[in-house]
Every structure is written in C-alpha cells, then in structure tokens.
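I have placed the structure first, in the form of structure tokens, so that the comments after it can refer back to it.
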Amino acid sequence: MILDGSALSKTLREEVAEATRGSGVKPGLATILVGDDPASFSYVGSKQRACERAGFKAEDVRLPGQTTQAELEDVIQGLNARDDIHGVLVQQPLPKQIDTEVIVASVDPDKDVDGFHPVNLGRLMRGDRGFLPCTPFGITRLLSSAGISVSGKNVVIVGRSLLVGKPLALMFLAKMGQGGGLQDTGDATVTVCHSRTCDLPAVTLGADILVCAIGIPEFVRADMVREGATVVDVGINRVDDSTKPRGYRLVGDVMYDEVAEKAGAITPVPGGVGPMTVTMLLYNTLQSARKLYSQDPL
Ligand code: NDP
C-alpha cells in the first residue's frame, strides 16, 4: 500500500476550507522569512499559497538577511499582538546572527502553529492540549487514515530531532484519546534511534512501523526492514541529477524501490509526509483562530 500524502492532503485541505467557511472567523497566518535562502523561499511560497486556497489571510513578511535579533523580535511582538493573525511562523534556518531558540520562544505559544515553542513541547510531554508539531502530526494522520493503528505495536523512529523524532515519539507514546493525546494515535511501544545507536539494522528489523527522519539519501535498505512493515519516510534530500531540468531530484531517507518490495505500506518521496506537513499547519492555524488546539476536532 502506498501512503499517498498528496491525496490525503487534498481531502483534508478541503475539510479545512469547509470548516473555515463555517467558522465565522478568517484564520490569519503570518510567515516570516529572513534572507534569501532558495529552499526557504519555496517552502514559504507553498505555505502562503495553501493558506490562500483555504480562505485564510496569508501575511508574507520578508526581511533582509542582515536583520538583527532585536528587529526580528519586534516584528514577532507586533504579530503576537494582532487580532487578525492567529498563527506566526518563523521559517528556519535563520541567519547566523540570530539566536533561533530565543526567536522560537518569542512567538506567543497560542499562535505557535508550528508547535515548536517550549510551552507546546512541554504540553506534549505532559499530555496537555496544545499545538502539535506539523510533521509528526501529519504522520499520525497519514497512518490513521490508512487504518494503520500504532496501538500496541513496536514503532522504531530513526532520528531524534526536536522537529520530528522526539515529538513523534511522544505522540505515539501518549495514552490514546486522554489528556493531550490524539483520538487516532498512541499507546505504541516506541524505540528512538540515532547516529550512536549500535547495530541499527537489528533494531529496525524489530519494527512493525519504521519511521526514518535522518537526512541521508536512501540510507535505509531492504535488509533493514521486516517483511510487511509500515515504512514512513520523512527525509527530503536533493541529489544531483543532470537529466532533470533543475539539475537535481528529491529522494527520501529510504531506498524506495527495494524497500517497497518488502514493506506492507510505504510513503513515497515526494508526495508522502511533505504535503501533510503543510496541511497540518493549516489545521493548526484554523484551530488557533477558533481558540482550539490540535487535539480538538475540526
Ligand atoms: P536532523 O539533522 O535534525 O536529525 C537527523 C537525525 O538523524 C539525528 O537524530 C541523527 O542522530 C540521526 N542520524 C544521522 N545519521 C544517522 C545514522 N547514520 N544512523 C542513525 N541515525 C542517524 O534532521 P531533521 O529531523 O530535521 O530532518 C530529517 C530529514 O527529514 C531531513 O531529510 C529533512 O529534510 C526531512 N524533513 C522533512 C520534513 C517534511 O515535511 N517531510 C520536515 C522536517 C524534516 P544524532 O542525533 O545522533 O546526530
């Protein structure tokens, strides 16, 4: 089974647009881009377009690469104070003169639709309601919509970043439907691996569900995957390809063709986890406009 994030995103974005029309409030998302990193440019552009299609107000804040910490904090404080802005997203990476941790913490936690603020990560850790980080949130939706339950399963996550691996581990570990837990995920037995894990294949072969968020092109091979396992590939890596007009192609962290032969279900790259990340950003922004959190139904 191919876990098609593009198709599911289309459906969910229609649901978000529908709920927006019925909500009586126009959700507003401000994206802040500092500098001119081409990849960030394209990510922000796709978030802006997705907002507009869903009927949101999309505010596109572009700042020069030499912006100071104080200037950026001022912009964020201004957006925090505005009633028509319900989500504030600071696109990363930030230029080196900026302290990213301080900037992430300066966003109002109740407008932190990215789910990266320490308050929201703390809520997730404690099992309180809050904003869930979009990529892990999207992964849980992709699995549940395909009827794949993590409850009681051995889930192995390779990668322990604050963006993906750690919050996803907490979401899979949460008591399903209780406190800050989601209705459709949780109660898994979770193992988190990283670059210091000994004998990684021995661990990944024990996975009913294997999530790869490593950042190394096609790192996970078929001999690391159990027959019939579900494989979620979070990686988005550019590899040179002179046959493509752009000179590169996108691949995941999983060697797709050989792993797909063995897996029971797998996400493609592109078209798997990537579109779900933007979709859950829309979802969180709508919930913020309605004074709700990620765990609340639309
Ligand atoms: P990070 O670089 O922050 O984290 C990578 C993790 O992989 C680290 O925990 C690292 O271990 C681990 N790792 C690195 N090498 C190995 C190895 N040889 N064996 C086992 N573990 C290893 O990356 P991110 O989590 O930010 O992103 C991971 C990938 O996901 C990237 O390709 C990124 O582009 C993509 N991504 C995709 C998103 C989407 O929307 N689809 C969103 C976010 C990211 P250690 O901690 O020990 O260094």
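Counting starts at 1 for both ligands and their atoms, in listed order.
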For atom 9 (O) of ligand 1, grab the closest protein heavy atom and report residue, atom and distance to one decimal in Å.
R160 N, 2.8 Å

Using a 4.0 Å cut-off to any heavy atom of V164, which atoms of ligand 1 qualify?
25 (O), 43 (C)

Mind checking whether R196 has an N or O less than 3.5 Å away from an N or O of ligand 1?
no

Salt bridge present between E258 and K262 (N-O < 4.0 angstrom):
no

Can you tell me which residue and heavy atom of the protein come closest to atom 37 (C) of ligand 1, and the distance to 0.1 Å?
V234 O, 3.1 Å

Which of the atoms of ligand 1 are close to N237, meaning less than 4.0 Å from one of its heavy atoms?
32 (O)

Taking 4.0 angstrom as the limit and counting only heavy atoms of V158, give me the atoms of ligand 1 inside it, by number and element.
20 (C), 21 (N)

Could R129 and Y293 be counted as a cation-pi pair, given that NZ or CZ must be under 6.0 Å from the ring centre and within 45° of the axis?
no

Hey, is E15 close enough to R13 for a salt bridge, meaning N to O under 4.0 Å?
no

In terms of its nearest heavy atom to atom 47 (O) of ligand 1, the top option of S195, G272, G235, C212 is S195

Can we say R249 and D241 salt-bridge, meaning some charged N sits less than 4.0 Å from an Asp/Glu carboxylate O?
yes

Checking a contact table here: which protein heavy atom is nearest atom 42 (C) of ligand 1, and how many Å away?
T135 OG1, 3.3 Å

Using 4.0 Å as the upper bound for N to carboxylate O, is an ion pair formed by D83 and K111?
no

Determine, for Y283 and R141, whether the Lys NZ or Arg CZ falls below 6.0 Å from the six-membered ring centre while staying within 45 degrees of the axis.
yes

Could you list which atoms of ligand 1 come closer than 4.0 Å to a heavy atom of G159?
6 (C), 7 (O), 9 (O)

Nearest neighbour in protein (non-hydrogen) for atom 40 (O) of ligand 1:
T277 OG1, 2.8 Å

Is the closest basic N to carboxylate O distance between K26 and D84 below 4.0 Å?
no

Is it the side chain, the backbone, both or neither of T197 that has a heavy atom closer than 4.0 Å to ligand 1?
neither

Who gets closest to atom 7 (O) of ligand 1 by heavy atom: I214, V251, L250?
I214

Could you tell me whether ligand 1 has any atom less than 4.0 Å away from a heavy atom of A213?
yes

In the protein, which heavy atom is nearest to atom 32 (O) of ligand 1, and how far is it?
I236 N, 3.1 Å

Among all protein heavy atoms in this structure, tell me which lies nearest to atom 3 (O) of ligand 1, with the distance rounded to 0.1 Å.
S161 CB, 3.4 Å

Atom 26 (O) of ligand 1: closest protein heavy atom, distance to 0.1 Å, is L163 CD2, 3.7 Å

Just which atoms of ligand 1 are under 4.0 Å from any heavy atom in F219?
17 (C), 18 (N), 19 (N)

Determine, for R221 against D223, whether the closest basic-nitrogen to carboxylate-oxygen distance falls under 4.0 angstrom.
no

Any carboxylate oxygen within less than 4.0 angstrom of a Lys/Arg side-chain nitrogen, looking at R82 and E59?
yes

Restricting to side-chain contact (heavy atoms from CB on, under 4.5 Å), what partner residues turn up for D60, sequence neighbours left out?
T31, V44, Q48, R62

Could you establish whether G274 and ligand 1 come within less than 4.0 Å of each other, counting only heavy atoms on the residue side?
yes

Inspect the surroundings of CD in E261 and state if more than 12 heavy atoms from other residues, nucleotides or ligands are less than 6.0 Å away.
no

Quick one: which of P133, C134, G215, P275 has a heavy atom closest to atom 29 (C) of ligand 1?
G215

Nearest neighbour in protein (non-hydrogen) for atom 20 (C) of ligand 1
H194 O, 3.2 Å

We want to know whether S144 and T185 form a side-chain donor-acceptor pair, criterion being a heavy-atom distance below 3.5 angstrom.
no

